[in-house]
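Step one of this worksheet: look at the structure below.
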Amino acid sequence: VGREQELAQLWELWEQAAAGEPQLVTVLGPPGIGKSRLVVELSHLVAADVAMFWGRCLPYGEGNTYWPVTEILKDAAGILSDDDPGAISRKLGAVLESLPTDDRGELRTVAAALSNLLGVATTPEGTYSVEAISQAELHWGIRRFLELESAQRPLIVVFEDLHWAEPTLLELIRSLLEC
């Protein structure tokens with residue numbers, strides 16, 4: 001209620017993004033003011049073939065820098081909280097195989113990044129350990145995955161509660177617009 005102007009601004013930015021011009025939008029406001037609701041309303045306006053993935057930063061805990069990215073990947077791959085490592089690997093592999101690229105080296109790097117985030121040692125693209133991939137490769141793999149996803153259909157990625165984000169995640173988000 002009363003957010004027509006803000007929703008119109010989001011819609012205008014969405015139209016630019018849907019036309020191939022990536023956008024980064026930050027919705028700021030105090031808790032409970034309706035930031036998430038505003039984005040939900042946008043999701044009702046966009047076409048049904050738009051992919052919309054959500055991730056939330058956590059206010060606590062160590063090692064949760066990429067928690068929202070992991071949530072986004074699980075959403076994209078249809079991974080459930082009770083899936084075992086084999087199921088996670090298969091679902092991740094299916095998503096990787098659906099990406100519009102024939103570059104096997106590129107897919108191996110993306111697989112390394114995503115499998116590390118999801119905590120599985122192997123995917124159909126290869127086996128990697130956390131130590132085998134640098135932060136730069138991790139960020140590149142995440143960014144390339146999202147680029148390839150957006151090549152198949154329009155894509156909206158929502159990071160909630162960024163006030164709890166670690167600087168490394170903010171660096172990754174800023175890099176998402178680098179094409």
Side-chain angles (χ1 to χ4, degrees), residues 3 6-27 35-57 66-81 83 87-120 123-126 133 137-162 165 169-179:
R3 298 280 186 236
E6 291 89 348
L7 188 57
Q9 288 176 317
L10 283 177
W11 180 254
E12 183 179 320
L13 292 167
W14 166 248
E15 287 180 322
Q16 292 173 25
E21 186 180 329
Q23 301 293 315
L24 177 63
V25 178
T26 304
V27 180
K35 299 177 298 292
S36 296
R37 180 70 183 155
L38 183 62
V39 178
V40 168
E41 287 302 316
L42 175 66
S43 75
H44 295 309
L45 295 176
V46 298
D49 65 339
V50 171
M52 190 166 195
F53 304 129
W54 296 68
R56 178 180 303 275
C57 296
Y66 297 106
W67 181 266
V69 177
T70 302
E71 286 187 320
I72 288 164
L73 295 175
K74 287 180 177 180
D75 192 17
I79 295 170
L80 306 175
S81 60
D83 280 345
I88 293 170
S89 179
R90 284 189 300 280
K91 289 178 178 182
L92 178 57
V95 167
L96 292 168
E97 290 300 319
S98 74
L99 295 175
T101 182
D102 294 327
D103 186 332
R104 304 311 282 176
E106 178 179 70
L107 279 175
R108 275 192 296 278
T109 303
V110 171
L114 305 188
S115 63
N116 280 305
L117 288 173
L118 293 171
V120 291
T123 68
E125 290 303 316
I133 188 166
E137 290 171 314
L138 177 68
H139 285 196
W140 182 89
I142 294 165
R143 189 176 76 233
R144 187 64 182 139
F145 169 73
L146 293 172
E147 287 171 350
L148 291 169
E149 273 289 319
S150 70
Q152 300 182 107
R153 58 189 172 166
L155 176 65
I156 297 174
V157 179
V158 179
F159 291 91
E160 291 211 65
D161 296 325
L162 280 178
L169 178 63
L170 296 174
E171 179 184 316
L172 167 66
I173 292 170
R174 278 190 293 274
S175 79
L176 294 178
L177 292 178
E178 297 172 6
C179 297

- Message: Checking Asp161 now: which residues fulfil salt bridge (Lys or Arg N to Asp or Glu O under 4.0 Å) with it, not counting sequence neighbours?
- Response: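 For Asp161 the salt bridge (Lys or Arg N to Asp or Glu O under 4.0 Å) partners, ignoring immediate neighbours, are Arg56.
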- Item | Pairing residues for Lys74 by the salt bridge (Lys or Arg N to Asp or Glu O under 4.0 Å) criterion, not counting sequence neighbours |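 Once residues adjacent in sequence are excluded, Lys74 has no partner under the salt bridge (Lys or Arg N to Asp or Glu O under 4.0 Å) criterion.
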Contact between [X] and [Y] at the side-chain level, heavy atoms closer than 4.5 Å - yes or no?
X	Y	result
Leu107	Thr101	yes
Phe159	Leu170	no
Leu99	Gln152	yes
Trp14	Val25	no
Asp83	Lys91	yes
Leu117	Leu138	yes
Lys35	Val39	no
Val95	Glu149	yes

- Item | Residues Arg104 and Glu97 bridged, charged N to O under 4.0 Å |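 Here Arg104 pairs with Glu97 in a salt bridge, since their nearest N and O are under 4.0 Å apart.
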- Hey, are Glu171 and Arg174 close enough for a salt bridge, meaning a charged N less than 4.0 Å from a carboxylate O?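 Looking at Glu171 and Arg174, the cut-off is not met.
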[atom2] on [Y] to [atom1] on [X], rounded to 0.5 Å:
X	Y	atom1	atom2	answer
Leu73	Ile88	CG	CD1	11.5 Å
Thr70	Leu114	OG1	CG	9.5 Å
Leu42	Ile156	CG	CD1	5.0 Å
Leu45	Glu15	CG	CD	10.0 Å
Ile173	Leu162	CD1	CG	4.5 Å
Leu38	Gln9	CG	CD	9.5 Å

Atom of [X], atom of [Y] and distance for their closest heavy-atom approach:
X	Y	value
Gln23	Glu21	NE2-O, 3.0 Å
Ser175	Leu172	OG-O, 2.6 Å
Gly55	Ile72	N-CG1, 3.7 Å
Ala113	Gly141	CB-CA, 3.9 Å
Asp103	Glu106	OD1-N, 2.9 Å
Phe145	Ala76	CZ-CB, 4.0 Å

- Return yes if some donor-acceptor pair links the side-chain N/O of Asp75 with the main-chain N/O of Glu71 below 3.5 Å, else return no.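 Between the backbone of Glu71 and the side chain of Asp75 there is no qualifying donor-acceptor contact (under 3.5 Å).
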- Message: Please determine whether the number of non-hydrogen atoms from other residues, nucleotides or ligands lying under 6.0 Å from atom CH2 of Trp140 exceeds 12.
- Response: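 For Trp140, atom CH2 is crowded (more than 12 foreign heavy atoms under 6.0 Å).
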- Whether over 12 other heavy atoms sit under 6.0 Å from Glu12 CD: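 12 or below, so no.
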- Sorted by first residue and then second, give each salt bridge (Lys or Arg N to Asp or Glu O under 4.0 Å) pair with at least one member in residues 38-49; sequence neighbours left out.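 Every pair satisfying salt bridge (Lys or Arg N to Asp or Glu O under 4.0 Å) with a residue in residues 38-49: Arg37-Glu41.
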